[in-house]
Amino acid sequence: MEMRFGPTDLYHASSIMKRSWKSHHGETESTHQHEEDDTSLSLSSLSKIILPPLGVSSYNQNPTESKGWIISPMDSRYRSWESFMVVLVAYSAWVFPFEVAFLNASSITGLYIADNIVDLFFAVDIVLTFLVAYIDSRTQLLVRDRRKIAVRYLSTWFLMDVASTVPFELLGYLFTGKEKLGLSYSLLGILRFWRLRRVKQLFTRLEKDIRFSYFWIRCIRLLFVTLFLVHCAGCLYYLLADRYPHQGKTWIGAVIPNFRETSLWIRYISALYWSITTMTTVGYGDLHAVNTMEMIFIIFYMLFNLGLTAYLIGNMTNLVVEGTRRTMEFRNSIEAASNFVCRNHLPPRLKDQILAYMCLRFKAESLNQNHLIEQLPKTICKSICHHLFLPTVEKVYLFNGVSREILLLLVAEMKAEYIPPREDVVMQNEAPEDVYIIVSGEVEIIDSDLEKERVVGTLHSMDMFGEVGALCCRPQSFTFRTKTLSQLLRLKTRVLIESMQTKQEDYVAIIKNFLQHHKKLKDLKIAEFLAEGGEEEDPNMAINLLTVASTGNAAFLEELLKAKLDPDNGDSKGRTPLHIAASKGHEECVLVLLRHGCNIHLKDVNGNTALWEALSTNHQSIFRILFHFASISDPHTAGDLLCTAARRNDLTMMKKLLKQGLNVDSKDRQGKTAIQIAVAENNIDMVDLLVMNGADVTAANTQDFNSTTLNEMLQKREIGHHITVPDDLSNERLLLKKKEEEEHGKSSCTRVSIYRGHPLIRKQNCSRESGRLIRLPSSMEELKNIAGKKFGFDARNAMITDEEGSEIDSIEVIRDNDKLFIVEDQNSFM
């Protein structure tokens, strides 16, 4: 006897586990009514396990919803009707042989009426069957089309159902008018045994019910089969004796001569006694065959008993052990999961997910789809994948415009998976290992914030998720949870990246599709900055580079620049990706742009460079990096910055520039200094700031400037700076400086620590090379000579910086215990 598992079986098992979990916790139905309402949809749509075929995007996902007068096979009312019909089947199958053998028509008028009422119920069931949807065994789809339902029923069980329902005795009485009909009319009722298939289905469901012992259900089933056959054989054997023409020459007549006049109970027990003794072959000492007809019947009955015995023994040994192995494994897994949930007091949502996974795995294993595909040769597997998945992959936004060669390569590496409802496919902050494409079903985008979950959106067929983390090389931004039973195509991130790098034009197309798609999704974090600029889509993809630079994703920016995108493309305001990264403090993005040769000196419509943006937003480390590169390519960088601040009379920016160690007397491309521009603009506050920081006023045209004010500034100027002042003040300033040095003891021993290499590079490479503690010499040339001897290289052309990377060009600004860094090759930081 073959064991077959249908969607209704899994529905039954899932509902049993849910009730079992409640009973373990002592929960009542009323206390958890709300919980059942919340989980009923997910469990109902899961437990039927109506799996769509691979590659099919549209299918009926909720089998409990009926259209019109179509009845769902999972409807609770229809299930109750089926259970009631099983009771009627048991009645009709047991009573019919008893009526034919032991009862006369004159004494069973009431029983005949009951039989006709039962037949009427089965007639109603035939009508209902034309309205009950069914699950296609090949596609696992729930068919609701009335025409298909009718054609299927008419071509399978309809004729037998009608034949087993026709009341032949009643029709014979109506046509002939005789109350007592011939035996032929009664024997037509044998067709009622066709209804016994419903009892078989009942026992199949009970065997999967973990509330009952599988062993005892199986034994009861075999016991019922045996007793039913004993009952039928006894009734038939008595019928032979009752209809035998020669009185007394029968098996029962030999013992009870007037057996027809004895009680019905004695006759029935005698028939059962004979049937059981014959089946068990314990002998014929009392009841035995007398006439030839009885002997022939016993011969066939004994032969039948051989088959029945083989069935009982074989079923108990072979089929129970081998044929029901998967059923036992399923039951054991459900029981283990139930115990695990109860023992660890897991929340209901986790309980539902565990149940959903086990039921889905059980059904998916029976389909054996992936296992079958893996057994085939690689070429055939690729052809199957292309046929099933390529139409879906071509419609995904990420692969729009991508060559067929790349698509075939990707499709061959995809794996199809069925995921039950309420299952977390991708967790928030999880490593981006896989990318998923939705073939069918729905997936929710969930943002988790301190144990609070917010549904951001819902993805449907032909959508994909996980690509943001994969392409941006960052943890997943959201949790993606299935809303319904979903079929997904899983692709490894590594395979996606490798395929993208196969052809340059496809690489650019995929990146462009990705950025343009997420630019439209305002709810995703990658597009938050778009609300600020209000830009429309730029065909040159400048806005896309700005997008990545704004988010600070250095890895993704690196990939874009490898795709040969221009790093200097700017928006309508002239802001380049370097402007954006510098203003937002994304140091890694700045380094990536510098490695790909961006222009540091580009200005936006306001005349600001990336250097200006970095310092104005207080990102000093980025400013020092940019200044290092800019000063190598343009020696007027410091002068341009200082003159711009002086021209704008921006005291705040001027203070920031001077704090970075820029030479106050640096000249711009026109050969002007900041003090010259401040004096020309008559910006007294700016002139005062520059003078107090040691600006050389001799080069400035001070004719139109108040000389008294300038002299006061010079007198108040901070002592200790190496400056150039008019002759009448130089001697006085030098004396004051010498006196100050003597007071602070600077002429004594000043010690500094020198290190080899740029400080930023040492920090990036985690360098642990020790430094040297030396006495500070009197000039920069001597300091370089000492450093060259200590580290063993020619340091005459080396650059000396402080801990923050600012270049030092004067020995007077070095203080005791300062840390100095000797940069051998000024281009090593590139």
Side-chain angles (χ1 to χ4, degrees), residues 546 549-550 552 554 557 567-568 570 574-604 606-648 650-669 673-674 686 689-690 693 757-764 799-810 813 818-821 823 826-830:
L546 295 174
S550 176
L557 184 62
D568 294 329
R575 290 165 58 87
T576 65
L578 188 61
H579 282 85
I580 299 294
S583 64
K584 291 187 175 290
H586 300 317
E587 183 173 330
E588 293 184 359
C589 290
V590 170
L591 294 175
V592 169
L593 290 166
L594 291 174
R595 283 198 297 268
H596 285 271
C598 67
N599 191 344
I600 307 176
H601 307 288
L602 291 179
K603 297 181 180 180
D604 59 14
N606 297 322
N608 298 332
T609 62
L611 278 162
W612 186 277
E613 293 286 346
L615 196 57
S616 64
T617 52
N618 296 319
H619 300 301
Q620 299 178 8
S621 61
I622 295 179
F623 173 81
R624 287 190 289 272
I625 294 173
L626 293 176
F627 183 77
H628 171 76
F629 281 88
S631 59
I632 293 175
S633 59
D634 185 5
H636 300 290
T637 300
D640 287 339
L641 291 171
L642 293 171
C643 291
T644 300
R647 191 175 293 108
R648 298 178 180 179
D650 192 338
L651 296 175
T652 302
M653 180 58 72
M654 182 61 76
K655 292 178 181 179
K656 292 179 179 180
L657 292 170
L658 294 176
K659 285 182 179 179
Q660 294 301 316
L662 271 68
N663 189 351
V664 70
D665 294 325
S666 299
K667 296 181 180 181
D668 63 3
R669 289 183 177 82
T673 62
M686 181 62 70
L689 176 62
L690 293 172
N693 281 275
H758 197 284
L760 299 180
I761 296 181
R762 287 174 60 90
K763 181 178 180 181
Q764 182 177 0
M799 178 179 65
I800 300 176
T801 69
D802 61 3
E803 292 183 79
E804 297 180 348
S806 301
E807 183 179 0
I808 300 175
D809 56 2
S810 175
V813 300
D818 277 355
K819 292 183 179 180
L820 306 180
F821 295 85
V823 182
Q826 299 186 21
N827 296 323
S828 62
F829 194 59
M830 292 293 292

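If you read the sequence from its start, that first residue is 1, and numbering goes on from there. Quick note: numbers below take in every heavy atom, side chains included, and nothing from hydrogens, waters or symmetry partners. For clarity, every value in this text was computed on a predicted model and none was experimentally measured.
Counting heavy atoms from C-beta on, the side chains of L591 and I625 come closer than 4.5 Å. When side chains are defined from C-beta on, V592 does not count as touching E588, because their heavy atoms never get closer than 4.5 Å. Looking only at side-chain heavy atoms (C-beta outward), L626 and L594 come within less than 4.5 Å of each other. Two residues are said to be in side-chain contact when any heavy atoms from C-beta on lie closer than 4.5 Å; T609 and I600 fail this criterion. Using a 4.5 Å cut-off on side-chain heavy atoms (C-beta onward), P759 and E803 make no contact. Using a 4.5 Å heavy-atom threshold, the side chains of K603 and N608 count as separate.
The backbone N or O of T576 sits less than 3.5 Å from a side-chain atom of H579, completing a donor-acceptor pair. Judged purely by atom type and a 3.5 angstrom limit, S666 has no side-chain atom pairing as donor or acceptor with the backbone of A638.
Of all heavy-atom pairs spanning P567 and P577, the tightest one is O-CD, 3.2 Å. Here the shortest heavy-atom pairing between G805 and R624 reads N-CD, 4.1 Å. Closest non-hydrogen pair, A582 versus V590, comes out as N-CG2, 4.0 Å. When every heavy atom of H619 is checked against every heavy atom of S583, the shortest pair comes out as NE2-O, 3.2 Å. Here the closest non-hydrogen pair linking M654 and A646 is CE-N, 3.6 Å. Closest of all the heavy-atom pairs between F627 and L611 is N-CD2, 3.3 Å.
In K656, the NZ atom is crowded: over 12 heavy atoms of neighbouring residues, nucleotides or ligands sit closer than 6.0 Å.
With values rounded to the nearest 0.5 angstrom, D568 atom CG is found 8.5 Å from L578 atom CG. Interatomic distance, Q620 CD to L615 CG, rounded to the nearest 0.5 Å: 7.0 Å. The distance from the NE2 atom of H586 to the CD1 atom of I622 is 8.5 Å, given to the nearest 0.5 Å. Interatomic distance, CZ of R647 versus CG of L642, reported as 11.0 Å (0.5 Å rounding). Atom CG in N663 sits 12.5 Å away from atom CG in L657 (nearest 0.5 Å). With rounding to the nearest 0.5 angstrom, the CD1 atom of I580 is 9.5 Å from the CG atom of D604.
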Practice task
Could you please spell out the steps behind the side chain to side chain donor-acceptor pair (under 3.5 Å) verdict for H601 and S633?
Solution key: CA-CA 9 Å; H601 307 288; S633 59; 2.9 Å; yes

Practice task
With side-chain contact (heavy atoms from CB on, under 4.5 Å) as the test, would you mind laying out the steps for F821 and I800 before giving the verdict?
Solution key: CA-CA 6 Å; F821 295 85; I800 300 176; over 6 Å; no

Practice task
Tell me, with the steps shown, if K667 and C643 meet side-chain contact (heavy atoms from CB on, under 4.5 Å).
Solution key: CA-CA 8 Å; K667 296 181 180 181; C643 291; over 6 Å; no

Handout entry: Full working for side-chain contact (heavy atoms from CB on, under 4.5 Å) between M686 and L690
Key = CA-CA 6 Å; M686 181 62 70; L690 293 172; 4.1 Å; yes

Practice task
Check the pair D802 / I808 against side-chain contact (heavy atoms from CB on, under 4.5 Å), numbers first and verdict last.
Solution key: CA-CA 7 Å; D802 61 3; I808 300 175; 4.2 Å; yes

Practice task
Please lay out, stage by stage, how E807 and S631 fare under the test side chain to side chain donor-acceptor pair (under 3.5 Å).
Solution key: CA-CA 10 Å; E807 183 179 0; S631 59; 5.2 Å; no

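By the 6.0 Å and 45° rule, R575 does not stack over the aromatic ring of W612.
Taking the charged nitrogens against the carboxylate oxygens, D640 and R669 do have a contact shorter than 4.0 Å, which makes a salt bridge.
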